[in-house]
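Report on the following structure.
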Amino acid sequence: ATATSDLALLAAQNALSDAKIDASELDLIVCATTSGDYVWPSTACIVQEKLGAKRAGAFDLAAACSGFCYGLAVASGFIKSGMMQKILVIGADTLTKQVDWTDRGTCVLFGDGAGAAVLTACSPDEGILTSVLGADGSGVESIWIPAGGSRTPLTHDALDNNEHLLRMRGQEVYKFAVSIVPQSILDALANVCLRPQDVDLLVLHQANARIMYAIAERLEIPAEKVYVNVDRYGNTSAGTIPIALTEAQQQGRLERGNLVVTCGYGAGLTWATNVMRWGKDR
């Protein structure tokens, strides 16, 4: 069976090849996932070993569908501080292993996938300009897996009741996304004195197209500036945004100097926005 680390490894290898960086040069590997190979240790450590990134630290970051954007913010902070120079950020999930296949309201929405990016130091006017991170723990039960942790360990009863599988209140998540996400993006843009009309490409978590277009409409960002691939892969959680960025680059939709906004949102409830000036040539 394909595990999350298998997809993460492929994404990592592709990112390193694209960046023309050898795994031995990495200072850190951050793997954003909530469906790791094991409860512990981290999936990042498995990837580190298979890559041969012997001098890199490695840890998993659990922010669900916001995970990759959280990871970009963490990596950016390490690099800007001068503590590290080259960081691999992976977003990878295999949620088809965690959905309840008897619940047709959720199981058809999710997919498996991974994407990755290598972050290095750059000029101050390129790369990640700012990030805004947020959370609202009152919404923990809006999308969650009730059993399998220290609060409710796995028992025969929990398994019989499918408490080890994903549960979601779709309407609550929709309302949360279309209200919180636009404000998060506005706040992030304001941090660097920019406005929605300055955005060249908006890459949102691929939960569903209706949410994405509703967010863009509230920001008055044209639909053609929104990258959408949920129709092909479903919701791959932490994998959606790095997959979308990879595709956008391959399709020529990203050029050096473009203003790109990424925003993940999901379980926790969590959200994270990154504003970046694309610093890579085609």
Side-chain angles (χ1 to χ4, degrees), residues 7-21 32 65-69 71-72 75-76 87-95 109-120 122 125-129 131 177 181 185 188-189 194 196-217 219-266 272-282:
L7 299 181
L9 177 64
L10 283 171
Q13 290 169 332
N14 288 339
L16 288 167
S17 174
D18 184 61
K20 298 179 175 57
I21 286 175
C65 302
S66 308
F68 184 76
C69 292
L72 290 181
S76 175
I87 300 177
L88 174 67
V89 182
I90 307 166
D93 273 304
T94 51
L95 292 193
L109 304 176
F110 295 94
D112 301 335
V118 177
L119 275 70
T120 61
C122 61
D125 58 344
E126 286 188 329
I128 296 173
L129 306 179
S131 297
V181 172
I185 292 171
L189 288 168
L194 293 168
Q197 54 262 49
D198 298 318
V199 176
D200 293 301
L201 190 67
L202 180 61
V203 182
L204 299 168
H205 167 54
Q206 306 286 309
N208 72 50
R210 198 160 60 97
I211 289 177
M212 287 186 273
Y213 289 129
I215 290 168
E217 188 176 349
L219 293 167
E220 298 183 359
I221 292 176
E224 58 268 22
K225 290 187 175 182
V226 182
Y227 194 89
V228 178
N229 63 12
V230 66
D231 52 315
R232 283 175 285 145
Y233 310 125
N235 179 348
T236 58
S237 191
T240 67
I241 287 174
I243 290 171
L245 285 171
T246 301
E247 287 192 338
Q249 178 179 293
Q250 291 169 346
Q251 294 166 11
R253 293 186 64 178
L254 286 172
E255 296 191 1
R256 191 166 203 139
N258 281 171
L259 187 72
V260 183
V261 172
T262 59
C263 185
Y265 48 88
T273 298
N274 316 109
V275 177
M276 63 183 88
R277 185 71 68 182
W278 200 250
K280 190 177 188 302
D281 294 318
R282 282 195 188 184

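Throughout, numbering of the chain's residues begins at 1 and tracks the sequence.
Residues satisfying the salt bridge (Lys or Arg N to Asp or Glu O under 4.0 Å) criterion with Asp18, sequence neighbours excluded, are Lys280. Applying the salt bridge (Lys or Arg N to Asp or Glu O under 4.0 Å) test to Asp125 and every residue at least two apart in sequence or in another chain returns nothing. Legend: residues meeting ring-ring contact (aromatic ring centres under 6.0 Å, His included) with Tyr227, ordered by chain and number and at least two apart, are absent.
Formation of a donor-acceptor pair under 3.5 Å by the Gln206 side chain with backbone atoms of Thr240 is not found in this model. Asn208 places a side-chain N or O within donor-acceptor distance of the main-chain N or O of Ile211, the cut-off being under 3.5 Å. Between the Asp112 side chain and the Leu95 main chain, a donor and an acceptor come within less than 3.5 Å of each other.
Within the 4.5 Å cutoff, no side-chain heavy atoms of His205 are placed close to those of Val181. Side-chain contact check for Arg253 versus Asp200: every heavy-atom pair is 4.5 Å or farther apart. Taking 4.5 Å as the limit, every side-chain heavy atom of Glu220 sits out of range of all side-chain heavy atoms of Gln197.
Of all the heavy atoms in Ile185 and Ile215, the pair that sits closest is CD1-CG2, 4.3 Å. Closest of all the heavy-atom pairs between Leu219 and Pro196 is O-CB, 3.3 Å. Minimum heavy-atom separation, Ser76 to Leu119: N-CD2, 4.1 Å. Contact between Asp93 and Ala238 at its shortest, heavy atoms only, is OD2-N, 3.1 Å. When all heavy atoms are compared, the tightest approach of Ala116 to Pro242 is N-CB, 3.7 Å.
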field: From CA spacing to verdict: side chain to side chain contact (heavy atoms under 4.5 Å, CB included), Leu259, Leu129
entry: CA-CA 10 Å; Leu259 187 72; Leu129 306 179; 4.2 Å; yes
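Under the 3.5 Å distance criterion, with hydrogens and angles disregarded, a donor-acceptor pair is assigned to the side chains of Ser131 and Asn274.
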